[in-house]
There are 4 protein chains.
Amino acid sequence: MARVNTKQLIVDAAVAVAAQHGISGASMDQIAETAGVAKGSLYYNFASKDALFAEVMRRGFERLSAAIDSAREGVPGEGAPRIVAAATLEALRNNIDLAKLMAAEVFRTDRAWAETMNEARSSVATRLRDALRDAHVAAGNSEQSAERITETAGAAFFGALAGACLDWLLFRPELSLEHVLDEVLTTW
Amino acid sequence: MARVNTKQLIVDAAVAVAAQHGISGASMDQIAETAGVAKGSLYYNFASKDALFAEVMRRGFERLSAAIDSAREGVPGEGAPRIVAAATLEALRNNIDLAKLMAAEVFRTDRAWAETMNEARSSVATRLRDALRDAHVAAGNSEQSAERITETAGAAFFGALAGACLDWLLFRPELSLEHVLDEVLTTW
Amino acid sequence: MARVNTKQLIVDAAVAVAAQHGISGASMDQIAETAGVAKGSLYYNFASKDALFAEVMRRGFERLSAAIDSAREGVPGEGAPRIVAAATLEALRNNIDLAKLMAAEVFRTDRAWAETMNEARSSVATRLRDALRDAHVAAGNSEQSAERITETAGAAFFGALAGACLDWLLFRPELSLEHVLDEVLTTW
Amino acid sequence: MARVNTKQLIVDAAVAVAAQHGISGASMDQIAETAGVAKGSLYYNFASKDALFAEVMRRGFERLSAAIDSAREGVPGEGAPRIVAAATLEALRNNIDLAKLMAAEVFRTDRAWAETMNEARSSVATRLRDALRDAHVAAGNSEQSAERITETAGAAFFGALAGACLDWLLFRPELSLEHVLDEVLTTW
DNA sequence: TATGAATGAGGGTTCATTCAT
DNA sequence: CATGAATGAACCCTCATTCAT
């Protein structure tokens with residue numbers, strides 16, 4: 001019989017429920033109901049609520065990293081920031097629930113999965129930093145000067161994209177992706 | 001005897017506790033203990049936990065708006081983005097607990113105080129947008145073209161500042177404010 | 001208003017419920033219902049189920065020790081074993097629920113309250129040992145030879161009393177206390 | 001291939017796990033893991049957890065009864081109490097896990113296997129009573145007077161042995177079996 | 001103005017049991 | 001003969017809230 005993947009069912013339900021009420025406000029009861037499985041099954045597949053959401057965050061950032069990597073392939077340096085920004089916005093738009101979760105949790109340092117999330121966060125910031133460096137060099141600057149662009153700039157870039165994206169999707173959904181992209185990239 | 005302001009005592013305790021464990025994880029018990037008052041006093045001074053945190057968020061954004069306003073006074077258009085960015089970073093640095101709370105809550109749409117917070121968020125974004133517009137005009141562009149800079153750009157600007165600031169304070173506290181500012185402003 | 005002592009209410013209910021189903025089988029729900037208080041009140045008055053039963057056991061052994069002490073006052077050495085045995089049987093009979101609990105738990109070494117219970121167990125065994133020593137000396141033996149009677153003999157004495165008492169009360173309630181006492185004291 | 005007896009494997013694991021955490025605290029999961037079989041196998045071999053522990057208790061008391069019977073063979077009346085006491089202590093010492101279980105469960109009247117256990121308990125008490133009666137008669141008393149030694153005395157004797165044995169093994173393991181025996185038999 | 005004992009709904013988690021394989 | 005994914009009732013515990021003082 002074509003067995004469904006129970007783990008994936010649960011992870012998806014966890015994202016959906018937590019997007020509405022936050023992780024603390026997402027009850028295992030409601031997650032189970034949303035997933036269409038018994039509550040006990042959550043604990044058969046994940047050791048705890050913490051472990052479940054660690055997996056949720058891991059998969060979320062992984063998807064984002066993959067989207068960025070895939071976008072950069074074969075793109076010349078000067079176009080890198082726009083193309084990765086577009087890919088990031090696209091990924092966030094397609095997973096807005098996950099985006100809200102990530103925005104809310106990314107700077108919590110008290111979570112059981114803080115370490116996991118930190119690595120994921122850092123890997124996204126590094127990818128964005130690299131895109132910025134590529135453009136910097138393509139604009140005629142030296143490799144050395146590019147090294148002054150650090151992960152902090154990557155974090156700022158990600159913050160700008162996340163801030164714009166959520167403002168867009170939650171409050172101004174009529175805008176086009178291209179327009180949002182322009183506002184992020186050209187104004188300062 | 002110099003009477004302390006019980007309300008302020010409680011708000012401060014609420015910020016401190018919630019910064020550690022998030023708002024959901026902040027128990028009224030712990031807030032009362034931290035504030036040094038009995039639990040009943042919380043309910044004497046605030047109608048509910050929601051009302052307490054609505055006040056917390058309101059005061060937080062108010063402080064931020066005031067900091068930005070005060071920074072812009074008498075600053076010519078071209079310098080506006082940098083000066084408001086510096087003021088924002090400074091304000092976030094001085095209230096890092098509040099900054100973490102605001103980052104975690106700003107895109108939650110299910111909170112009882114969502115409306116309050118939305119206005120506050122919007123007012124900050126608008127102030128940042130205006131600084132960007134001033135610089136745009138000061139750079140020789142028309143007022144009309146400046147109107148294409150919307151609140152979404154303000155949200156992106158705020159997201160960049162918040163992302164950089166938390167990355168800085170949580171993971172790279174050795175950097176200087178000026179350095180962080182440069183990374184935010186010059187890289188794209 | 002003549003406030004009832006909630007703590008005592010809860011302890012009594014805990015003893016009653018645990019006597020029926022053992023400590024593990026005694027649910028906090030049922031204890032609360034039996035005590036006529038809300039479940040939350042259990043946790044307002046005791047930190048945990050473990051803490052509650054630590055208190056239960058402490059009070060139980062304390063009562064037993066007090067009964068033994070009170071019985072020995074002014075009794076000459078040769079009569080000591082019988083009088084303390086009678087007092088012990090009496091105390092167990094009057095608190096048969098507690099007696100069953102103590103019998104079931106006294107040799108568990110994994111409980112959170114094992115230490116507490118151990119001290120209490122030891123203090124009872126010591127009292128019984130002293131009664132045996134007194135009789136030994138009163139029978140004309142030297143103090144030195146009496147020291148060969150150790151706490152282990154006290155434990156054996158207590159085991160004999162508990163074994164006889166529970167056999168009596170659970171399976172042969174028609175016997176008199178004096179008869180049971182005779183069977184314990186004269187048969188070997 | 002030398003097939004192992006799965007039932008025995010499970011019973012042994014059940015004893016080991018329950019000795020640590022009590023019967024209520026022994027989970028079928030942990031028993032299965034300890035036995036090295038899948039959880040489903042427990043239910044293939046035993047109808048329920050209750051049935052499994054009924055079997056555990058039955059085998060435990062059976063072993064004890066057999067040890068006592070074997071000890072009394074060919075021993076004259078006056079030596080009977082000491083020899084059966086020694087056999088009992090020896091059996092308990094060799095199965096201390098089982099001894100702790102039996103001590104904790106022997107007076108529980110709510111278990112599904114209470115009936116089973118009661119018979120077993122009674123059969124041990126009867127055997128001990130008979131040893132006491134034999135010695136009584138061998139000491140020159142009439143058969144009739146010996147009949148005043150009832151099962152209650154047997155229960156007391158067993159209680160004394162169990163109490164001394166557990167005190168010995170758990171808290172004073174340096175003592176010799178002979179020493180413990182002396183303390184039980186000669187002090188009152 | 002302030003207190004803290006009491007509440008009860010709802011939280012995360014465990015676990016004996018079932019059943020399709 | 002054996003397995004292990006799945007279940008759901010029941011567990012211990014937390015906590016926002018109330019109210020008599």
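Atoms considered below: every heavy atom in the structure, side chains included; atoms not considered: hydrogens, waters and symmetry mates. Remember, predicted model here, so these are calculated numbers, not experimental data. In the text below, chain A, chain B and the rest are named by the order of the sequence lines, each starting its count at 1.
- For residues 31-41 of chain B, the set of pairs meeting the salt bridge (Lys or Arg N to Asp or Glu O under 4.0 Å) definition, not counting sequence neighbours, comprises B/Asp29-B/Lys39.
- Between the CD1 atom of A/Ile31 and the P atom of F/dT7 there is a distance of 15 Å, rounded to whole Å.
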Detail all sub-3.5 Å separations between protein N/O atoms and N/O atoms belonging to nucleotides 7-11 of chain E.
residue : atom : partner : partner atom : Å
E/dT7   : OP2  : C/Ala38 : N            : 3.1
E/dT7   : OP2  : C/Ser41 : OG           : 2.1
E/dG8   : N7   : C/Gly40 : N            : 3.2
E/dG10  : O6   : C/Lys39 : NZ           : 3.1

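- Of the charged side-chain nitrogens involved, none lies within less than 4.0 Å of a carboxylate oxygen, so that C/Glu62 and C/Arg59 do not count as a salt-bridged pair.
- If you measure from atom CD of B/Glu33 to atom C1' of F/dC15, you get 14 Å, rounded to the nearest angstrom.
- In this structure, NE2 of B/His21 is placed 15 Å from C1' of F/dC15, rounded to the nearest angstrom.
- The distance between atom CG of D/Leu9 and atom C1' of F/dA2, rounded to the nearest whole Å, is 13 Å.
- With sequence neighbours left out, the side chain to side chain contact (heavy atoms under 4.5 Å, CB included) criterion links A/Ala51 to A/Ala47, A/Ser48.
- Formation of a donor-acceptor pair under 3.5 Å by the C/Arg111 side chain with backbone atoms of C/Val106 is not found in this model.
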Under the side chain to side chain contact (heavy atoms under 4.5 Å, CB included) criterion, do A/Phe46 and A/Val11 qualify, and how do the steps go?
-> CA-CA 10 Å; A/Phe46 297 92; A/Val11 166; 3.8 Å; yes
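- Using the Watson-Crick or G-U wobble rule with both distances under 3.5 Å, E/dG4 pairs with F/dC19.
- The phosphate of E/dT1 (OP1 or OP2) has no side-chain N or O of B/Asn45 nearer than 4.0 angstrom.
- Of the candidate nucleotides E/dT14, F/dA2, E/dA6, E/dT14 has the atom nearest to the side chain of A/Tyr43.
- Atom CZ in A/Phe46 sits roughly 14 Å away from atom P in F/dT7 (whole-Å rounding).
- Between A/Ser48 and E/dG12, a side-chain N or O to OP1/OP2 separation shorter than 4.0 Å is absent.
- Expressed to the nearest 0.5 Å, how far CZ of D/Arg121 lies from CG of C/Leu166 amounts to 9.0 Å.
- The shortest distance between the side-chain N/O atoms of D/Thr6 and the OP1/OP2 oxygens of F/dC1 is not below 4.0 Å.
- A donor-acceptor contact shorter than 3.5 Å is absent between the side chain of A/Lys100 and the backbone of A/Gln20.
- Across the protein-nucleic acid pair, A/Arg111 atom CZ and E/dG12 atom P stand 11 Å apart, rounded to whole Å.
- Counting to the nearest Å, the C1' atom of E/dT17 and the CG atom of D/Asp50 are 12 Å from each other.
- Following rounding to the nearest Å, B/Ile23 (CD1) and F/dC15 (C1') show an atom-to-atom distance of 16 Å.
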